[in-house]
Amino acid sequence: MTKTTSRIIKVDALSRVEGEGALDLHIRDGKIKDLKFRIFEPPRFFEALLKGRDFSEAPDITSRICGICPIAYLLGSSQAMEDALGVSVTGPLRDLRRLIYCGEWIESHVLHAAMLHAPDFLELDDALQIAKANPELVKKALKLKKLGNEILEVVGGRAVHPVNLKVGGFYKVPTKARVRSLIEPLKWAIDASRDLALAFGGFEFPDYEYDYTCVSMRHSDEYAIQDGRIISNRGLDIDVSEFPDHFVEEHVAHSNALHGMSKTGEAYLVGPLARYNNNFDQLSKMAQATAKDAGLGKTCLNPFQSIVVRMVETLYAFEESLRIALAYEEPDASCVVVTPRAGTGHGCTEAPRGICYHRYSLDKNGLITKATIMPPTAQNQKQIEIDLHGVVERHMDLADEKLKWRCEQTIRNYDPCISCATHFLKLNVTRD
Amino acid sequence: MRGDDGVGAAVAAQLRADNIEAFDFDGDGAELMEMWAHQGQVILIDAAVSGAPLGTVHRFDANSDVLPQNFFRNSSHQFGVAEAVEMARVLDRLPRNLIIYAIEGHNFNFGAPLSKDVELAVLDTVDRIKADIAP
């Protein structure tokens, strides 16, 4: 009679991610019997809440979906409204939008990479232990994050949930002196973020690669952040308005967040790795050189190296911020005038974690009749489960505690924002 | 403000009315370290959720006490008070004298007023702070 061996590994509350989720893993006779990445944070029904509201309220309401990436919601919803109302925001106002989005990338990427993800590679529990082991690295990271917050304050009025953005532009534009005050700190930050990228590039990365379908935005003239077309490394190249023709969401019983997938049911990847793989050629020379010096090629298929990609993107965001700050002149008007009318509009931007899609329909008075928002973590869920399968199969020989850690690390590769996805983790592993 | 989360601002407003220097701060906790840099004495007031009765005023001497985890409301992606204090301790960036008042709240709904018991706690906290800083 053959003896059956079973392992059950449970993570009941995943740490160092935003929101509440869990992982259940059941291994029987050395094979995965069941693996579920569960999001149990309750859904918040933002789309329903928006119905009947004025178009102008969408940015401030949707930005409350997330305290980490409010700009993704402020700008995604604003652009969708502008699309529906037939206006576009260009020139210096567009530059200001790119500047504040750089601030969001910086504060989000630095916090995740240095404080939440780096401990995984150093076998430390949290950022406090890193601070004990390497206080200078943490001081540098905190200073970089603070500068990201400062950009949000200068352009958006405050660092947490900025209040100065609206459909059509801004309530008030920052003074030239205020924007120029960022210049000297930004010069320091470019070098400091390179230091962190090189430091993280020296980590030992677990052995795992996947041939991802990378979906990101692409802009004709720049590394896409706040607008562009939606492309993939499989040949997709569509206007933002065509997103619903190619991607869908499905409810799965074990998650409160919808799973995004292609219309043919395939998983895809959004976020820093997808952007890097699709748009490496549009990074600055310094960002490309830093990526090379930190051990990355022109494409990156090991999700554990996303920590390095985040710092390369951070460096690029500092360079872009400096470029915009140096050229900044106060615009004559803080916004373009918008007039309510019936219509449907689409908006999409690159949130720190990947593309964040918005669609709204308006009646003739500009009241919202239908709203759809697809945040990046919902789109990545299916791919996260595929990565977990691959990583567990590759590292089956690890003891339960080590395997549990490796699974959490795999999920943290995505910097998942469960709060956004529900508009994540407890690990439960069973081995039979 | 989100209901009882406004207790810190309410205490600060009362202190300012009594000509005592006080600031509101609603940003990232990581920046607290910068705010209190080079300060000799700092008193920080925030809402708490520990399971104690509504309006309970907790007082910590951060220079000698380790702050309890999961006490202050915050996101895992932003530093809360406890994380900021412990990080500052590790990086040797605590002010010489840091006292923390944490006032127990229950209602954190958008736009809600302070609970009655929290309103009373505001007055109690202001009196205790005056005693703390009395020469």
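Naming: A, B, ... by sequence-line order, numbering from 1 per chain.
- Residue B:Asp92 places its CG atom among 12 or fewer non-hydrogen atoms of other residues, nucleotides or ligands, all under 6.0 Å distant.
- Residue-environment remark: CZ (B:Arg89) exceeds the threshold of 12 foreign heavy atoms within 6.0 Å.
- Residue B:Met33 comes nearest to A:Leu142 through the heavy atom pair CE-CD1, 3.7 Å, listed as atom of the first residue, atom of the second, then distance.
- B:Arg93 touches chain A through its side chain: at least one heavy atom from C-beta onward sits under 4.5 Å away, while N, CA, C and O do not.
- Of the two parts of A:Glu136, neither the backbone nor the side chain holds a non-hydrogen atom closer than 4.5 Å to a non-hydrogen atom of chain B.
- Taking CE from B:Met87 and CG from A:Asp126, the interatomic distance works out to 7.5 Å, rounded to the nearest 0.5 Å.
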